[in-house]
Protein chains: 2
Amino acid sequence: MKLTTRGRYGLRAVLDLAVNSGDEAVALSQIADRQGISMNYLEQLIAKLKKSGIVNGIRGAQGGYILAMPADEISVGDILRALEGDLSPVDCSELNEGDTPCSSADICVTKYVWKRISDSINDTVDGIMLSDLVDESKKVLAEAGNMQDDQPKQIC
Amino acid sequence: MKLTTRGRYGLRAVLDLAVNSGDEAVALSQIADRQGISMNYLEQLIAKLKKSGIVNGIRGAQGGYILAMPADEISVGDILRALEGDLSPVDCSELNEGDTPCSSADICVTKYVWKRISDSINDTVDGIMLSDLVDESKKVLAEAGNMQDDQPKQIC
DNA sequence: ATTTAATCCTAGTGATTTAATAGGAATTAA
DNA sequence: TTAATTCCTATTAAATCACTAGGATTAAAT
């Protein structure tokens, strides 16, 4: 029941992009440096975000990435699902409509458990918008600015 | 973000035990047969449940397993945590008190996301008692009894 | 036009975890 | 004494994870 580094790094990368994006595109190398994530690996993560329509890539020199939508229209759920795939705790056709029907659905009791876990996870992450994290980040960075500079800059 | 077969099989096994236990202990071979799970593998799962005080083992001939407590005092959360370990989506000292403190806690924004996911999962599974599943199971089995016998008996 | 800075794309790899299988030791009712 | 059962540990094939590596493509800047 753990997220992989895809979800952890990827969410941090999108947040970094949202916080540090002005008018211009942000190069992935900058995000990788700030976040301490390998550039090559981050490329693979951002590819998933691009495929899901969360960011747009701009090729060529001075290129980079920008959010495809305003930060208050992107939920943490959108981001995590893009990176990790479906967030439900089991692969079960009763939870995911696309799947082929389960022949045991009639006598399956545990599916109620999986459905409730799945709904609680998705409701939670869909209720947090990227803009909420941007706001929180600005608050935290303002406080950090008042601290000594020998504070560790490493990130979870 | 998926449960492993430990959690899936293990929850089914405990439910099977709860449904099929009278006064006497239930042999693991019976549970394994009914649930279509390898006996050897199930042994390893039930060992975790025993260690967590959810079931008691009775050795020797005519031995088996019994619930260590009434089914309405055992939550699905207790069972899943025994089988899967901590259910939080990341290993983060801000979520798990035992861990060594995180040096980045002050500037970490995503920890709020992880905490909210963790709480929602744990609140959900702690709110479902084994007895709830037993009740549901009896209802489902009563209905299944009215159906033709050529229905699939395979389980999710 | 050339260079440079960047995204885009795919293949490979060591480490770890998963989902078992296997087999023997210990215990106890019959 | 036998048979049925839990208890315990080692091994393993397959999958997944978390990268690394390197080349192709694109477009701004010179």
Side-chain angles (χ1 to χ4, degrees), chain A residues 1-14 17 20-21 23-33 35-68 80 83-86 89-91 156, chain B residues 1-13 17 20-21 23-33 35-68 80 83-86 89-91:
Chain A
M1 267 307 255
K2 291 275 178 278
L3 290 171
T4 66
T5 55
R6 291 192 290 277
R8 300 212 314 277
Y9 293 2
L11 179 58
R12 270 167 48 201
V14 177
L17 175 57
N20 295 103
S21 69
D23 292 345
E24 286 148 33
V26 179
L28 209 54
S29 58
Q30 293 176 24
I31 299 178
D33 280 355
Q35 298 296 325
I37 302 169
S38 136
M39 165 89 179
N40 275 317
Y41 190 38
L42 198 49
E43 266 181 7
Q44 295 170 35
L45 307 187
I46 205 113
K48 289 173 183 284
L49 294 164
K50 205 163 84 81
K51 205 172 161 194
S52 297
I54 291 169
V55 303
N56 289 329
I58 297 166
R59 306 187 69 168
Q62 310 308 114
Y65 291 91
I66 52 171
L67 293 181
L80 290 181
L83 292 159
E84 296 274 348
D86 151 51
V90 296
D91 287 321
C156 313
Chain B
M1 269 305 258
K2 290 275 178 279
L3 290 172
T4 67
T5 56
R6 290 194 291 278
R8 300 211 316 275
Y9 292 1
L11 179 57
R12 270 167 48 201
L17 175 56
N20 295 104
S21 69
D23 292 346
E24 286 148 34
V26 179
L28 209 55
S29 57
Q30 293 175 26
I31 299 178
D33 280 354
Q35 298 295 325
I37 301 170
S38 137
M39 163 89 180
N40 276 318
Y41 190 37
L42 197 50
E43 267 181 5
Q44 295 172 36
L45 307 187
I46 205 114
K48 288 173 183 284
L49 294 164
K50 204 163 85 81
K51 205 171 160 194
S52 298
I54 291 169
V55 303
N56 288 330
I58 297 166
R59 305 187 68 167
Q62 308 309 115
Y65 292 90
I66 53 170
L67 293 180
L80 290 181
L83 293 158
E84 295 274 348
D86 153 51
V90 296
D91 287 322

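Numbered from 1 within each chain, the chains take letters A, B, ... in sequence-line order.
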Do the side-chain N or O atoms of [X] get closer than 4.0 angstrom to the phosphate oxygens (OP1, OP2) of [N]?
X       : N      : value
B:Tyr9  : C:dA19 : no
A:Ser38 : D:dT20 : yes
A:Tyr65 : C:dC8  : yes
B:Thr4  : C:dA19 : yes

- Task: Give none if D:dT30 has no partner; otherwise give the nucleotide forming a Watson-Crick or G-U wobble pair with it, both distances under 3.5 Å.
- Result: C:dA1
- Message: Show the nearest heavy-atom pair for residues A:Leu45 and A:Gly10, with the distance to one decimal.
- Response: CD1-N, 4.0 Å
- For the student: nearest non-hydrogen atoms of A:Asn20 and A:Val26, plus distance: O-CG2, 3.8 Å
- Item | Flag, side chain of B:Glu84 to backbone of B:Gly7, donor-acceptor distance under 3.5 Å | yes
- Query: Is there a donor-acceptor pair under 3.5 Å between the side chain of A:Thr4 and the backbone N or O of A:Arg6?
  - Reply: yes
- Answer with yes or no whether B:Gln44 presents, from its side chain, a donor or acceptor under 3.5 Å of a partner atom in the base of D:dC8. no
Can you measure [X] atom [atom1] to [N] atom [atom2] for me and round it to whole angstrom units?
X       : N      : atom1 : atom2 : answer
B:Leu83 : C:dA20 : CG    : P     : 14 Å
A:Met39 : C:dA6  : CE    : C1'   : 7 Å
A:Glu24 : C:dA6  : CD    : P     : 12 Å
B:Lys48 : D:dT6  : NZ    : P     : 19 Å

- Nearest-nucleotide check on DNA chain D, A:Arg59 vs A:Arg6; residue mapping nearer the 5' end is A:Arg6
- Item | A:Leu3 vs A:Gln62, nearer the 5' end of DNA chain D by closest nucleotide | A:Leu3
- Toward the 5' end of DNA chain C, which comes first, A:Asn40 or B:Glu84, by nearest nucleotide? A:Asn40
- Which part of the nucleic acid, if any, lies within contact of B:Ile46, taking any heavy atom under 4.0 Å across all strands shown: a base, the sugar-phosphate backbone alone, or nothing? nothing
- Student check: side-chain heavy atoms of A:Asp86 and B:Lys2 closer than 4.5 Å: yes
